[in-house]
Colleague: 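Take a look at this one; I'll ask things after.
Excluded from the calculations below are hydrogen atoms, water molecules and symmetry mates; all remaining heavy atoms, backbone and side chain alike, are included. Note on naming: letters A, B, ... go to the chains in the order of the sequence lines (proteins, then strands), and numbering restarts at 1 for each one.
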Number of protein chains: 2
Amino acid sequence: MSSRIDTKTKILDAAEKLFAERGFSETSLRLITSKAEVNLASVNYHFGSKRELIRAVLARYLDLFMPAASNAIAELQQQHPHASLTDIFSALVSPLLTLNSIRAGGTRTFLQLLGRGYIESQGHLRWFITSHYGEHLQSFVTAVQASVPTIPRADIFWRLHFTLGTVVFTMASADALIDIAAADFDEKNNIETVIRKVIPYIASGVAVSA
Amino acid sequence: MSSRIDTKTKILDAAEKLFAERGFSETSLRLITSKAEVNLASVNYHFGSKRELIRAVLARYLDLFMPAASNAIAELQQQHPHASLTDIFSALVSPLLTLNSIRAGGTRTFLQLLGRGYIESQGHLRWFITSHYGEHLQSFVTAVQASVPTIPRADIFWRLHFTLGTVVFTMASADALIDIAAADFDEKNNIETVIRKVIPYIASGVAVSA
DNA sequence: GTCTATACTTTGATAGAC
DNA sequence: GTCTATCAAAGTATAGAC
């Protein structure tokens, strides 16, 4: 019985599925609460607003992914003190794919939500992530800096944001791109093959000598 | 007197300014029509819907930029039959900056609108652009393919979409990034310096041998 | 052909009873 | 914690004036 799950979780589960499928603005609270079989007003009671609900949906994934990611970076640095950029980016793949064991399609859902959220939210999500997961992010940035010591810090700042854009945009439109690649080039892709394609692109861009 | 401008243009001017400042979903039609000093219903009369208005605002820029861009590519290919990827991307800078002569801050406004629109619109804008400006896009893709003949077509497809993500996301958040770079690295940037930073990144990523 | 007044529908949010 | 009722704001649609 789904009624054994508490209301808050029922809302999060329904919202996550609908947000990933339809985007945030196209998903009404009434649709979420009807799918979740809870009362409309319970969203406001448990989360305060739709914006906070979006954050909460993402936080469930970020709370798993961020520590796993910075652990993976730390392990990499222990075993390979001079890890390459490609090594660093590749180290994030396993924590990403682990999300599939939490929920079916977890990796895809998380990256789509992150992509859509990062842009639709007009900077609110950027603030939320940097303030809540700043330490994890910093360990990643430090690892990148160590791997390309000749690149000025300011350049690394810009290029990591270029990289964020590449990843976030690609993941937000991953379904459409996979369909197009299948139709035009007869390629069978999934979220993991797309991740594997993007790593050489971003590693090359971050390391380029201007 | 602003009343000498026709209603359609008054709506487009007001909408463009507000969309670039606040984003699409944060800008109501009532705000647009009150700034434009026209009746609310005139948006529906002239454009049919808010979505169509967004398209029309972008189309004013795309109608200028797309032919200018494909002309610039054609000229480059005549003068440098073996132009590099960096040459090709750099050739787009001048058409972009020309938009500043149409309207103050035209380049910045266009790229922000394109960035925000491309993601918020859930694929509708992708369809609109490829169907209305497909020939111009194709001449660009062909030039890229010629400059990196050893890269498979499918890889170029993916990497050009990675590039689109990089550019679109960066431009959509350009104001915030410029502010952060000023605070953290004492850098003074504007939209042109950001464009100059992104070119080596994307040129390197598209050309990388996987 | 254009424009305006007005009303319809959906949405996020909230107050108050239980 | 949950529910009903209700609100204000937003996108949309239409009838009718000019």
Colleague: A/Asn44 has an atom CG; how far is it from atom P of C/dT14, in whole Å?
Modeller: 5 Å

Colleague: If I take atom CG in residue A/Leu29 and atom P in nucleotide D/dA8, what distance separates them, rounded to the nearest angstrom?
Modeller: 19 Å

Colleague: Going through the checks in order, is the side chain to side chain donor-acceptor pair (under 3.5 Å) test met by B/Ser204 and A/Ser204?
Modeller: CA-CA 6 Å; B/Ser204 171; A/Ser204 172; 2.3 Å; yes

Colleague: Before you tell me yes or no, could you show the steps for A/Tyr133 and A/Ser70 under side chain to side chain donor-acceptor pair (under 3.5 Å), namely the whole-Å CA-CA distance, both residues' side-chain angles and the distance that decides it to 0.1 Å?
Modeller: CA-CA 10 Å; A/Tyr133 307 95; A/Ser70 65; over 6 Å; no

Colleague: Not counting sequence neighbours, which residues clear side-chain hydrogen bond (donor to acceptor under 3.5 Å, both in side chains) with B/Asp87? List them please.
Modeller: B/Ser84

Colleague: Can you list, by residue number, the residues of residues 50-59 of chain B that have a non-hydrogen atom closer than 4.0 angstrom to DNA chain C?
Modeller: none

Colleague: Taking the six-membered ring for Trp, are A/Tyr201 and B/Tyr201 parallel (under 30°), tilted (30 to 60°) or perpendicular (over 60°)?
Modeller: perpendicular

Colleague: At under 4.0 Å between heavy atoms, how does the protein contact nucleotides 1-7 of chain D? Give one character per nucleotide, 5' to 3', with B, S or -.
Modeller: BBBB---

Colleague: My understanding is that only residues two or more places apart in sequence, or in another chain, count here; which of them pass side-chain hydrogen bond (donor to acceptor under 3.5 Å, both in side chains) with B/Asp184?
Modeller: none

Colleague: Taking side chain to side chain contact (heavy atoms under 4.5 Å, CB included) as the definition, give me every residue that meets it alongside B/Asn190, ordered by chain and number, with sequence neighbours left out.
Modeller: B/Glu192, B/Thr193

Colleague: Looking at B/Leu96, is its backbone amide N or carbonyl O close enough to the side chain of B/Thr107 to form a donor-acceptor pair, meaning the two atoms are under 3.5 Å apart?
Modeller: yes

Colleague: Salt bridge or not for A/Asp13 and A/Lys8, using N-O below 4.0 Å?
Modeller: no

Colleague: Let me know which of B/Lys10, B/Arg60, B/Arg22 forms a salt bridge (Lys or Arg N to Asp or Glu O under 4.0 Å) with B/Glu16.
Modeller: B/Arg60

Colleague: Counting the benzene-type ring for Trp, do A/Phe19 and A/Phe24 have ring centres under 6.0 Å apart?
Modeller: yes

Colleague: Using a cut-off of strictly less than 4.0 Å between a heavy atom of the residue and any atom of DNA chain D, enumerate the qualifying residues of residues 13-28 of chain B by number.
Modeller: B/Thr27, B/Ser28

